[in-house]
Asks: 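Before we start, here is the structure in question, set down as structure tokens.
Below, all heavy atoms of this structure are taken into account, side chains as well, without hydrogens, waters or symmetry copies. Remember, it's 1-based here, ligands and their atoms both numbered in the order they're listed. A quick note: this is a predicted structure, and the numbers were derived from the prediction, not measured.
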Amino acid sequence: MGPGPINAHPRVLRAMSADLLGQFDPEMTGYMNQVMALYRPIFGTENRWTMLIDGTARSAIEASLISLAQPGDTVLVINFGRFGLLLTEILERIGARIETVDAPWGEIVPTDRVAEAIRRVKPKVVATVHGDTSTTMAQPLEGLGGLCREVGAFSYVDATATLGGMPIETDRWGIDIVTAGLQKCLGGPSGSAPITISDRAAEHIFTRRHVEKGIRRDDIADGSGPRIASNYFDLAMIMDYWSEKRLNHHTEATTMLYGARECARVALGEGLEARFARHASAGAAMEAGLAALGLAIFGGTENRMTNVTGAWIPEGVDGEAVRAAMRDHFEIEIGTAFGPLAGRIWRFGAMGYNARKDTILTTLAALEACLAMNGFAVTRGEAVPAALAAWEARA
Ligand SMILES: *Cc1c(COP(=O)(O)O)cnc(C)c1O
């Protein structure tokens, strides 16, 4: 019950126990095409290039940034937490010129400050996180694509922590590349990273294609910019593999693809609206229960993620001792925190398969016991009813 990874949905685990297929087997390429179709509604897009990067969420972040930005390009990062810092760290390695527009941890960057920064900096790329699990905040993205297009910039969004749990409207927001992972609200294991790429971004990437000697001479682009400095993360090559050309790149991670496909089937089977509502109920129940225990909730009340809730560790309570007790006595993992919040807040996730009434109630009951064991004057017997009432009020 931390901010991810979470327990995988049993159907996802079962799908992943199926036998392997060759990467060009028609059954396998059929599944690849299904994955493309299944993830389009999940990303809220009609983008042709909607597929998987083989690796954890970070692999798709790196593939996107290295494909959009070249050394010396100016990139504006909307930074409000640990994963915003990850974007800048990757961009530094690329050799981009980085500008940031920042918010303190626990807040988002207001849209007027984002607009002002984009118009002032006129970057080649604007990169941001949607839900930053490190701070439990979700950056509003309405209108971001339009602002980027005004200055001819590409837009990139890391939606790892929110895809499948909060609405993502890639096309309506006008975002060029959105990426995710399975181990948060999609209810799968880490190791596969869904990605969607606009036609406009794909065109830019194809002109930067890496040429593999002897294999793809007919594909040599004329007048292209510097090659993408990675073979594994060369999105042009990965798109060619996912296209009907089926040009060999990596060996698609069969088992992860089965898992990613089943995550999407489970999500669409439930219905996205119902799924978002379930995450919102779970978040509201968790928050009500934590408050009833006597804990103060972290972060601004607006723009908080529905699927992860932070609570201040009370004065005099050893946060790590409580986490250890939760794990040792109840087999429940809750989250610690990073950077300026390390040792100051706990983070409670309610994501994917774990965003359920029973998991929230047992977590709160266990936490009550562990807080009492660790010397906190906890309010007894109120957290579970408060959480239940908050859940029922939305049901
Ligand atoms: C969890 C998370 C990641 C993690 O990436 P992995 O490579 O899968 O560990 C990236 N971005 C955000 C916003 C996250 O919440």
Asks: Between E89 and R93 (salt bridge meaning N to carboxylate O under 4.0 Å), is one present in this structure?
Replies: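 Salt bridge flag = yes for R93 with E89.
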
Asks: Examine ligand 1 and decide if any of its atoms is less than 4.0 Å from a heavy atom belonging to P3.
Replies: no

Asks: Just jot down the ligand 1 atoms closer than 4.0 angstrom to any heavy atom of R58, in number order.
Replies: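 So the atoms of ligand 1 that pass are 5 (O), 6 (P), 7 (O).
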
Asks: What atoms of ligand 1 come closer than 4.0 angstrom to any heavy atom of T133?
Replies: 14 (C), 15 (O)

Asks: Using a 4.0 Å heavy-atom cut-off, say whether H130 meets ligand 1 through its side chain, its backbone, both or neither.
Replies: neither

Asks: Is the closest basic N to carboxylate O distance between R48 and E244 below 4.0 Å?
Replies: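 Salt bridge: yes.
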
Asks: Have a look at ligand 1 and work out which part of V129, if any, has a heavy atom under 4.0 Å from it: side chain, backbone, both or neither.
Replies: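 For V129, only side-chain atoms sit under 4.0 Å from ligand 1.
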
Asks: Give me the atom names and distance for the closest heavy-atom approach of P167 to W173.
Replies: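 Closest pair (atom of P167, atom of W173, distance): O-CH2, 3.3 Å.
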
Asks: Whether the N47 and S198 side chains hold a donor-acceptor pair (N or O, under 3.5 Å, no angle test) is what I'd like checked.
Replies: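 The answer is no; no qualifying pair exists.
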
Asks: Between K357 and E392, does any NZ, NE, NH1 or NH2 come within less than 4.0 Å of an OD or OE carboxylate oxygen?
Replies: yes

Asks: Quick one: nearest non-hydrogen protein atom to atom 14 (C) of ligand 1, plus distance?
Replies: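 For atom 14 (C) of ligand 1, the nearest protein heavy atom is K184 NZ, 2.9 Å.
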
Asks: Between the side chains of E116 and R120, is the shortest nitrogen-to-carboxylate-oxygen separation below 4.0 Å, so that they form an ion pair?
Replies: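 Looking at R120 and E116, the cut-off is met.
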
Asks: Mind checking whether A57 contacts ligand 1 via backbone (N, CA, C, O), side chain (CB onward), both or neither, at a 4.0 Å heavy-atom cut-off?
Replies: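 The answer is both, backbone and side chain.
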
Asks: Would you mind checking which non-hydrogen protein atom is closest to atom 3 (C) of ligand 1, with the distance to 0.1 Å?
Replies: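 The closest heavy atom on the protein side is F83 CE2, 3.5 Å.
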
Asks: Using a 4.0 Å cut-off to any heavy atom of A161, which atoms of ligand 1 qualify?
Replies: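 Taking each heavy atom of A161 in turn, ligand 1 has 15 (O) under 4.0 Å.
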
Asks: Could you say whether the N/O atoms of T56 and ligand 1 ever approach to under 3.5 Å?
Replies: yes

Asks: Please list, in number order, the atoms of ligand 1 under 4.0 Å from a heavy atom of G131.
Replies: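 Here the atoms of ligand 1 in question are 13 (C).
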
Asks: May I ask whether Q183 has any heavy atom positioned less than 4.0 angstrom from an atom of ligand 1?
Replies: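 True for this residue.
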
Asks: Would you check, one step at a time, whether the test ring pair (Phe, Tyr, Trp, His ring centres under 6.0 Å) holds for W242 with H249?
Replies: CA-CA 10 Å; W242 283 76; H249 180 243; over 10 Å; no

Asks: Using a plain distance cutoff, I'd like to know if D158 has any nitrogen or oxygen under 3.5 Å from a nitrogen or oxygen of ligand 1.
Replies: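 Among all N and O atoms of D158, at least one is under 3.5 Å from an N or O of ligand 1.
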
Asks: Tell me if the aromatic rings of H9 and Y353 count as close, with their centers under 6.0 Å from one another.
Replies: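 Ring centroids of H9 and Y353 are less than 6.0 Å from each other.
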
Asks: Between the side chains of E320 and R323, is the shortest nitrogen-to-carboxylate-oxygen separation below 4.0 Å, so that they form an ion pair?
Replies: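 Yes.
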
